[in-house]
Structure formats: C-alpha cells, structure tokens
Undergrad: 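Before we start, here is the structure in question, set down as structure tokens.
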Amino acid sequence: MKTVAYCHPLVPSEWIESHGLRAAWLVPHDVEAAAEAGPLTGTCPFARAVGDTLASPDEVGLGAEPLAVLTTTCDQMRRMSGILDETRPGDVFLLNVPSTRQSPASREYYANELRRLGRWLVARGGQSPSAERLANAMRRQDAAREAFRRGERPADAPTWCNPVAMEFTVEAGRNGGADGVVLGLIGGPLRRRDLAVARCVRAAGGRIVLDATTGGVDLLPAAFDPTTLARDPFDELVRAYFDELPAVFDRPNDRLHAWIARRVAERGVRGLLCLRHVWCDLWHAALPRLKETAGVPILDIDLGDELRGGESRLAERIEAMIESLRQD
Amino acid sequence: MDTAEKLTLAQWDERYRTLCHAGLREPDYGGPLRRHADRGGDRRLLRLRMDNSAAALRLWNLLLSEEDRLHRARAEGKFLVGTMKDLGTVPVMAYALDNTVAFYPDGAWWTPCLMEHNEGLLALADRLGVDDSFCPVRAMLAALVDEKHFPVPDTLVCSVGATCDDVAAIAQRIDELGFPVFWWEIPHRRAPEPGEPSVELPGGYRAPLDQVAFVRGELDRVRRHLEQRTGQSLDDARLAAGIARANQVRRLIGRLRHFAYSGEPSPLPALEMMIAEILSIHYCSDWAETVAVLEDLLDEVRRRLVSGDGYGSPDAARVYWVNPPADLRAMNLLEECGGRLCGTDYMMAHAIDPLPEDVPPLEALARAALADPMVGSTAERAERICREAVQCGAEAVVVSRIPGASHCASESFVVAKKVEGRLGLPVLDLEIPPVLDALEPTLRTRLEALVETAGNRRHA
C-alpha cells in the first residue's frame with residue numbers, strides 16, 4: 001500500500017485512508033543540516049529536515065517513494081514544497097489551508113482543497129472513497145483518539161498524530177500518577193531528538209499532561225458527531241478539522257489563546273514549555289501574548305539553540321522553572 | 001545643459017542653490033534635501049550618492065516627506081488606510097474613495113536604514129517581543145506603537161495566507177497590541193489541474209478560475225469594510241476609475257523601466273529607479289504627485305537618452321536584481337562596483353503590470369493580487385526572472401536576501417538553480433542588513449567579483 005506522509009494536523013488522515021492509502025505522520029531525520037551555512041541558511045530546521053527526509057525517505061520507514069502532503073500553514077513549509085516539487089515532481093501535494101476563518105468562503109476553500117487532494121490521491125493509485133468508506137475511516141480514527149483520551153496507549157504508532165508526541169507521553173510521565181509539577185507543551189512539531197525535553201522534565205521532577213505542539217496528542221480534531229457523520233461524513237470532517245482545530249497561523253489567533261487557557265485550567269497545568277524551531281516566526285511572535293493569556297509561566301525553548309549546546313543547558317533551564325513553580 | 005552626475009548630500013546643497021537660481025519650481029513638499037538629514041534625522045542621505053536632476057530632487061522629496069504629508073492628511077480629516085503586505089492591490093481600492101489616503105506601514109522597514117538606527121525602532125520591536133530573527137519589517141510594529149513616524153491609520157487591512165510569516169506574525173502582534181487588523185485571505189497560487197478552467201494573470205502566470213473567484217470574494221469583503229468605515233460607496237464605477245488611475249502610474253513606471261534599463265548609457269541610477277518603481281504600490285500617499293514625479297523623471301530620461309548622457313561605462317555588467325535591499329546604499333554600491341541595472345523584481349511586479357480594464361474591477365484586482373510573485377512558488381517566480389533576464393540581456397543576477405525574512409531562506413537557492421541551469425548566468429546571493437557599512441568591504445568584493453565574472457563570460 002502506498003504511503004502518504006504528512007506533518008500537519010489539518011491534513012485529515014481519515015481522508016487519506018479512505019482513499020485506500022496509508023497515512024503516516026512524517027517524522028524527519030534528526031540530522032541538523034540546517035545549522036550549516038549555505039544557500040538554505042535561515043530555513044526552518046523542521047522544514048529543512050522534512051525536505052531532506054523526503055529526498056531519502058527509506059531511512060525513516062516511509063518506503064522508497066512515498067507521496068507527501070505539505071501545507072501552506074507556514075511560509076517556510078510552503079516554500080519547501082516548491083523545492084520538493086522540482087526534485088520529486090508530482091509526489092508532493094501542497095494543501096492550501098486558509099489562515100482566516102471569518103468567511104464561509106474560507107471553509108469552502110478548505111473543503112475544495114480536500115476534494116482536490118482526493119483527486120490527486122486517486123491519480124496516484126488511490127480509490128475514490130464512498131461516503132461509507134470515509135465514515136468508517138472517521139469512526140476508526142475517532143475511536144482510537146477516544147481510547148487514547150481514556151488513557152489507553154495505541155499498540156502501533158498512530159497515524160492520527162505525531163508518533164513522537166505519543167512517545168513523549170511516556171517519557172514525560174503523562175499517566176504517571178499525581179507526582180511531579182504538572183506542565184504543558186506548546187510549539188512546533190516534535191522531532192525524535194526533542195524527547196530530550198521529556199527526559200529533562202522527568203529528571204527535574206515534572207510531568208507533562210498537555211501536548212499542544214503541532215501534531216501533539218491534545219491538539220486534535222473535535223470528536224465527530226455521529227448523526228452528522230452518518231448524514232454527511234465529508235462535511236463533518238471539515239467541521240471537526242477546519243472549524244474546530246485552533247492553530248498558531250489563524251488570523252486572528254484568538255481561538256488558540258482561548259483553547260490553551262481553557263486546557264491549562266482544566267488540567268491544572270502550572271507552566272508551559274514552548275518548543276519552537278529556530279526561525280519559526282509564528283510561535284515566536286505568539287509568545288508575548290500567550291504569556292498574558294495562558295495564565296501560567298511559559299519557558300521559551302528555542303530548539304536549535306538549546307539542543308546544539310547539549311542537554312545540560314536545557315536541563316538547567318527546565319529544572320529552574322520547575323523549582324520556581326514548586327516555590328509558588 | 002546639465003550632465004548626469006551622482007552627488008553627495010553636501011554637493012546637493014550647492015546644486016539646490018543653483019537650481020533655485022535657475023528658477024526651479026517645486027511642489028509644497030519641496031526644498032533642499034539637507035533638511036531631511038538635519039531635521040528629519042534621515043542620516044543615511046549622508047552616505048548616499050543621488051542623481052543631480054531636478055526630477056530626482058522631486059522624487060526624493062516626495063519619498064522623504066511622506067510622514068509629514070500623512071500627518072497633514074490626518075489633520076485635514078482624511079481617512080487613513082494602513083494596508084499591509086499585498087503591495088499594490090488594496091491601495092487601488094482606497095484611492096478610489098474621496099478624502100482617503102492609503103499607505104503601507106510596512107514601508108517603515110526602511111526607516112532604520114534612513115535614520116541609521118538612531119530612531120530606535122528595531123530596539124523597540126525587540127522589547128515588544130519581535131526580535132532580529134524577524135525581517136526588518138518589524139519596524140512597522142514599533143512605528144505604530146511609538147507614533148513618532150506615521151500617524152496611526154483609521155483602519156489596518158492585511159493580506160494573509162500565502163504571505164511571508166514575518167508580516168503575518170508581526171501584523172498579528174499589531175492586532176493584539178490594540179490596533180485592530182482587517183484580515184483578508186490570499187491563497188497560494190497553484191497550477192490549474194488538467195482541464196480545469198483557468199485564466200492568464202497580469203505578468204503571464206496562470207491561475208484556476210476558482211482561485212480568482214475566491215480572491216474576488218475576499219476583495220469584496222475589503223470593499224465592504226472600506227465602505228463601512230468611510231461611509232462612502234465603493235461601486236464598480238469608482239473602482240474602475242481607481243484602476244484607470246493605477247494604470248496611469250503603472251504605464252509611466254513601465255516606460256521608465258524600459259528606457260532606464262535598456263538605455264546606453266544608463267540614464268538614471270539604480271537607486272532612483274528603485275524608488276520610482278516602489279511608487280507603484282501606494283503612490284507614496286499622493287497619486288497626483290506620483291504622476292507628476294514620474295513624468296518629470298521620464299522627461300529627464302528621454303532628454304538624457306537623446307543627448308547620450310547617463311551613467312556607467314559602456315561595458316558595465318548588466319545585472320538583474322531580485323528583492324529590495326534593506327539598505328538603499330546597496331544600489332549605489334552595485335554601480336560603484338561596475339554594474340548597472342537591466343531589470344528588477346522587487347517583489348511587486350504585480351504592482352507594475354497594468355491591471356486589466358476589460359473585466360469587472362474586482363476581477364481585475366483579484367487577478368493582480370494572485371499575480372503577486374510572492375504568492376506562488378519560488379520556482380514560478382524564478383521562471384519569470386529568467387524570462388525577463390533574457391529579454392533585458394542580463395549578464396548576472398543578484399538575489400538580495402532580507403535578513404530574517406521567511407521567503408529569503410530558500411529563494412536564492414531556487415532562483416540560482418533555475419538561472420544558472422537555464423541561462424548559465426552567474427548568481428550572487430547577498431544578505432544586506434538595514435545599514436550595510438560594516439559589511440561593505442565584503443559586499444564590494446563580492447559584487448566586483450560578480451561584475452568581473454560577467455565581463456569574463458562576455459569575452460570568452
């Protein structure tokens with residue numbers, strides 16, 4: 001079965017799977033090529049790693065020639081898709097996700113983009129989905145997400161979120177009882193090397209119960225409404241994703257602020273770690289207001305800088321934060 | 001008869017006196033250039049070399065008086081529209097209204113250059129949470145907050161979607177600091193699917209009709225917003241008149257580009273040409289004066305071409321320049337190193353290409369907005385650069401990198417690959433900060449090497 005890799009939660013994995021294809025969250029190589037000077041200096045390391053990985057996808061288990069769906073949700077990824085389109089023409093689909101949701105036309109635009117993605121998948125070996133097949137794929141994913149919310153850990157790497165985020169839940173003691181200072185995560189998509197953050201949190205006596213990173217286990221589409229799902233699964237898919245899922249690129253991005261503040265309060269989170277990739281303007285500029293709206297302190301972790309210097313500096317900063325939270 | 005010569009600011013003092021004695025007539029924003037440096041703080045003028053024509057004087061005065069004119073417009077009760085990012089679309093709509101002035105707060109990105117960082121805008125942006133990992137357009141955030149430059153507009157309108165992350169992020173920060181932004185969506189321009197109805201856009205790109213219709217709908221939201229805020233009707237007749245006015249400016253700039261970039265010797269320096277091109281996006285807040293300035297420049301250029309007057313040696317390397325440099329001095333530097341401009345893409349080709357006048361006005365504006373080189377793929381932009389580089393006989397291409405800009409990280413790579421592969425031309429990737437002085441020796445060496453390479457290829 002052909003694999004379709006994606007790395008943004010606004011790409012519905014159900015939609016890919018309903019076309020008879022395998023959806024897989026793209027976990028890129030950990031190689032830090034972006035740190036090198038050269039023509040791509042200044043490129044977001046995550047976007048760069050995605051580009052590098054799609055150039056040699058075998059190494060991360062995506063098969064020899066996977067298809068990929070990237071999104072317009074940040075400029076750097078949008079431009080990376082253009083570079084890939086030159087080297088792997090026809091293998092990369094750029095899904096245009098509107099940044100504004102003030103007008104019904106934006107919703108319709110997103111829906112049409114999903115339909116266009118569907119045609120693209122069919123042209124590459126997928127099968128045009130019946131409403132029933134789509135509904136079944138949606139029910140499967142919904143059930144898997146619901147089971148996770150109840151505390152069950154999936155046996156296999158999930159296709160509906162970043163599998164590194166799933167590993168993070170274990171490393172960071174999500175279900176580790178009542179001990180430890182309770183923290184949350186916000187920021188860009190996690191890479192495998194970012195598990196160092198989870199280790200540091202555990203070592204310092206904290207645990208992470210909220211993951212709102214891009215592709216994280218908590219920033220998921222809304223649960224599907226069974227009635228609407230039965231009547232018009234495609235429209236329900238659009239609702240659960242486009243209407244309900246807040247994102248840092250939304251303009252304005254009030255929904256994200258409200259969502260984070262609500263989750264922080266619900267879960268008793270006492271501090272947030274913002275894990276952002278170097279050059280990620282969107283999370284970077286969102287931080288000053290988040291520090292006002294989240295209701296808890298935020299530790300800004302620039303992943304490139306922190307991890308380049310080894311884990312010791314990162315560990316110290318996290319330790320200091322947790323200590324100060326304990327004293328509050 | 002005066003011959004073309006680039007002058008320092010000190011030399012302009014004397015030149016201004018001479019012009020006045022000769023009966024120079026100036027508009028109300030006229031006067032000696034010196035005052036912009038001494039009273040306005042535009043210290044960068046002391047490091048620039050400027051064309052000695054009366055037409056260039058008027059151009060510089062129009063540019064450097066914009067903030068004063070905006071304050072005057074506010075005092076006169078005019079409605080001020082701050083339009084962000086789209087570069088050339090929303091101002092066409094705003095100027096179709098009475099007593100309305102549109103300008104780009106983004107234009108403040110050149111203030112740290114002009115004032116050589118003495119204005120403190122970038123330091124204030126740092127304190128507002130937008131540091132130097134962002135492009136210098138972050139100066140607009142600080143300029144809105146400190147209110148020492150342009151007046152706070154009555155409304156802010158920003159395009160978002162297929163735009164750079166810098167402006168999208170900074171405009172959001174502006175919104176949350178108490179300056180409400182009206183957002184409209186510009187989608188990524190994509191290639192039509194096989195058999196999908198599409199239309200040719202100004203500049204030669206193609207877009208699916210559905211995308212054009214979507215943008216038309218977005219611009220209709222902008223239209224209604226402007227109507228509601230100004231209390232005026234912005235009907236199709238008014239918009240059509242606005243488009244006709246925009247096209248008058250675009251045609252003048254088109255002629256100017258044609259003469260300046262193909263003329264031998266070059267009749268107008270690269271620096272003045274860049275400023276003239278940029279007038280297209282919002283007419284430097286005064287449409288009538290922009291037309292007058294461009295007509296003067298065009299007269300001067302024609303006069304110089306007829307008399308064989310101009311700049312640079314006949315064997316100056318013909319350079320196509322991509323992106324506006326953060327420091328205006330870079331354009332002087334190119335010529336000091338033996339290069340001359342033969343073509344440009346300052347990220348606003350869609351503001352220079354004439355708007356269609358044979359379709360409904362919003363359709364014309366939607367097509368122009370989608371023709372923005374920055375909303376499509378860099379490869380598509382590079383195709384146009386290649387096409388124009390061939391047409392204008394370019395011998396080298398400079399991609400001017402804007403520090404921190406999200407689009408710049410990969411675009412020189414893509415443009416260089418396309419230009420070198422397709423045309424075999426040398427491409428230079430230069431990062432130019434708002435004040436380049438510390439890097440000048442390096443930049444000079446690299447530009448000289450580019451010019452030398454172009455020369456060697458010519459004689460090979």
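Within every chain, numbering begins at 1; the chains are lettered A, B, ... in the order of the sequence lines, protein sequences first and strands thereafter.
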Undergrad: Just how far is it from atom CZ of Arg119(A) to atom CD of Glu193(B), taken to the nearest 0.5 Å?
TA: 4.0 Å
Undergrad: Identify which part of Gln76(A) has an atom lying under 4.5 Å from any heavy atom of chain B, answering side chain, backbone, both or neither.
TA: both
Undergrad: Which atoms of Leu128(B) are under 4.5 Å from chain A, going by heavy atoms: the side chain, the backbone, both sets, or neither?
TA: backbone
Undergrad: For chain A, which candidate among Pro403(B), Ala169(B), Gly376(B) shows the most heavy-atom pairs at distances under 4.5 Å?
TA: Ala169(B)
Undergrad: I'd like to know whether Glu86(A) forms a salt bridge (Lys or Arg N to Asp or Glu O under 4.0 Å) with Lys417(B), so could you lay out the CA-CA distance, the side-chain angles of the two residues, the decisive distance to 0.1 Å, and finally the verdict.
TA: CA-CA 10 Å; Glu86(A) 296 282 300; Lys417(B) 204 169 162 193; over 6 Å; no
Undergrad: Report which part of Arg190(B) has an atom under 4.5 Å of a heavy atom belonging to chain A: side chain, backbone, both, or neither.
TA: side chain
Undergrad: Compare every heavy atom of Gly129(B) with every heavy atom of Pro288(A), then report the nearest pair and how far apart it is.
TA: CG-CA, 3.8 Å
Undergrad: Which bit of Glu292(A) comes within less than 4.5 Å of chain B, counting heavy atoms only: side chain, backbone, both or neither?
TA: neither
Undergrad: Tell me whether the count of non-hydrogen atoms from other residues, nucleotides or ligands lying under 6.0 Å of CD in Glu196(B) goes above 12.
TA: yes
Undergrad: I'd like to know which of Asp131(B), Ile170(B), Val399(B) tops the heavy-atom pair count under 4.5 Å against chain A.
TA: Asp131(B)
Undergrad: Taking Ala168(B), Ala379(B), Gly217(B), Gly404(B) one by one, which has the highest count of heavy-atom pairs under 4.5 Å against chain A?
TA: Ala168(B)
Undergrad: Please report the interatomic distance CG(Asn96(A)) to CZ(Arg189(B)), rounded to the nearest 0.5 Å.
TA: 12.5 Å
Undergrad: Using a cut-off of under 4.5 Å on heavy-atom pairs, state which of Ala405(B), Ala171(B), Gly161(B), Pro187(B) scores highest against chain A.
TA: Pro187(B)
Undergrad: Go through the steps for Phe134(B) and His284(A) under the test side-chain contact (heavy atoms from CB on, under 4.5 Å), then give the verdict.
TA: CA-CA 9 Å; Phe134(B) 293 82; His284(A) 194 172; 3.5 Å; yes
Undergrad: Which one, Val130(B), Asp166(B), Val414(B), leads in non-hydrogen pairs under 4.5 Å with chain A?
TA: Asp166(B)
Undergrad: Please rank Leu282(A), Leu287(A), Val248(A) by heavy-atom pairs under 4.5 Å with chain B and give me the top one.
TA: Leu282(A)
Undergrad: Between atom CZ of Phe413(B) and atom CZ of Arg79(A), what is the distance when rounded to the nearest 0.5 Å?
TA: 14.0 Å
Undergrad: Please round to the nearest 0.5 Å and tell me the distance separating atom NE2 of His188(B) and atom OG1 of Thr71(A).
TA: 11.5 Å
Undergrad: Within the structure provided, determine whether Asn253(A) and Gln172(B) are in side-chain contact (heavy-atom separation under 4.5 Å).
TA: yes
Undergrad: Please tell me if the side chains of Trp183(B) and Ser99(A) come closer than 4.5 Å, counting only heavy atoms from C-beta onward.
TA: no
Undergrad: Check Ser133(B) against Asp281(A) and note the closest heavy-atom contact, atom names and distance.
TA: O-OD1, 3.8 Å
Undergrad: Go through Gly82(A), Cys280(A), Cys74(A) and name the one with the most non-hydrogen pairs under 4.5 angstrom from chain B.
TA: Cys74(A)
Undergrad: Is it the backbone or the side chain of Thr87(A) that comes under 4.5 Å from a heavy atom of chain B, or both, or neither?
TA: side chain
Undergrad: Would you call Ser410(B) and Met80(A) a side-chain contact if the rule is heavy atoms closer than 4.5 Å?
TA: no
Undergrad: Identify which part of Arg78(A) has an atom lying under 4.5 Å from any heavy atom of chain B, answering side chain, backbone, both or neither.
TA: side chain
Undergrad: Side chain, backbone, both or neither: which part of Glu380(B) has a heavy atom under 4.5 Å from chain A?
TA: neither
Undergrad: With side chains defined as the heavy atoms from C-beta onward, is the minimum distance between Glu185(B) and Arg251(A) less than 4.5 Å?
TA: no
Undergrad: Is there a donor-acceptor contact under 3.5 Å from the side chain of Asp165(B) to the main chain of Asp75(A)?
TA: yes
Undergrad: If you compare all heavy atoms of Phe214(B) against all heavy atoms of Ala105(A), which two are closest, and at what distance to 0.1 Å?
TA: CE1-O, 3.5 Å
